Amino acid sequence: MEENQVISMPRIGDKAPEFKAVTTQGPINFPSDYSGNWIILFSHPADFTPVCTSEFMTFATMENQFAEANCKLVGLSVDGLYSHIAWLRTIKEKIEYKGMKNVEVKFPLIEDITMEVARKYGMIQPGESNTKAVRAVFFIDPKGVIRAVIYYPLSMGRNFAELYRALIAMQTADAFSVATPADWQPGDDVIVPTAGSCGVAKERMENIEEMHCYDWFFCTKKLDKEKVLKTVLKR
Ligand code: BEZ
């Protein structure tokens with residue numbers, strides 16, 4: 001990559017950049033093919049590498065869990081299609097890891113040898129590598145808007161339970177007009193929007209039957225786990 005080249009980095013709130021690509025599941029038009037679904041678009045540095053293999057096996061094993069939450073997975077690396085196919089076949093036929101075996105990766109894996117998509121999404125970060133994508137994760141909502149972005153370095157495998165938690169937390173925030181506190185899990189109390197006027201702040205402190213107010217700006221309320229799961233998961 002040329003020195004001083006401007007690298008675009010899609011941000012939270014931006015429309016997900018569009019592209020057409022060849023994948024292990026056939027050609028895709030992104031994100032329009034996924035309209036109405038949440039999407040996790042994620043990059044990995046290279047096929048036939050150990051951290052990436054552990055990640056793909058984990059993500060493939062959780063694919064149904066994400067699908068129940070109306071979320072499709074789409075992977076990418078700057079390798080070619082035949083390398084992708086060979087790697088996914090090796091994973092299925094040969095690799096047994098942490099009780100996972102015979103794992104079939106059914107979600108699409110984008111070939112991006114030209115790095116066109118990786119550059120569009122700021123996945124090539126030259127301080128880390130000029131030739132490999134970092135481990136980027138883009139959460140895109142059903143309207144095609146980027147809602148969260150997480151980057152990890154080459155050496156570190158992602159925590160997929162956290163990616164799932166983040167997805168459910170964003171869906172909960174949308175469905176119930178609340179925010180979620182540190183380490184929130186379904187069933188934990190949620191945060192009600194901060195009082196926007198002195199009157200509401202006063203009311204909050206006087207009328208705290210449904211809420212627990214730590215102070216006027218920090219109030220939580222109960223939100224039943226079943227209610228959350230019934231709303232965000234297809235049942
Ligand atoms: C890995 O997936 O194991 C890996 C890939 C690129 C650099 C370092 C580790």
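Owing to the predicted nature of the structure, the values given are computational and were not obtained by experimental measurement. Hydrogens, waters and symmetry mates play no part in the numbers below; they use all other heavy atoms, side chains included. We count ligands from 1, going down the list as the structure has it; atoms in each ligand are counted the same way.
In this structure, the separation between CE on Met123 and CD on Glu128 is 15.0 Å, given to the nearest 0.5 Å. Atom-to-atom distance recorded for Lys222:NZ and Glu210:CD is 12.0 Å, nearest 0.5 angstrom.
Taking a 6.0 Å sphere around CD of Glu116, one finds it holds 12 or fewer heavy atoms contributed by other residues, nucleotides or ligands.
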Asp33 vs Lys72, salt bridge (charged side-chain N to carboxylate O under 4.0 Å, His left out): CA-CA, chis, key distance, verdict = CA-CA 11 Å; Asp33 284 355; Lys72 306 272 191 199; over 6 Å; no
Give every pair made of an N or O atom of ligand 1 and a protein N or O atom lying under 3.5 Å apart, one pair per line with both atom names and the distance to 0.1 Å, or write 'none'.
| unit_1 | atom_1 | unit_2 | atom_2 | d |
| --- | --- | --- | --- | --- |
| ligand 1 | 2 (O) | Thr49 | OG1 | 3.0 |
| ligand 1 | 2 (O) | Val51 | N | 3.2 |
| ligand 1 | 2 (O) | Cys52 | N | 2.9 |
| ligand 1 | 2 (O) | Arg135 | NH2 | 3.1 |
| ligand 1 | 3 (O) | Pro50 | N | 3.2 |
| ligand 1 | 3 (O) | Val51 | N | 2.7 |

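Only one option out of Val103, Val51, Ile91, Ile95 pairs with Phe56 in a side-chain contact (heavy atoms from CB on, under 4.5 Å); it is Ile91.
When only modelled atom types and interatomic distance are considered, Asp79 and His84 share no side-chain donor-acceptor pair under 3.5 Å.
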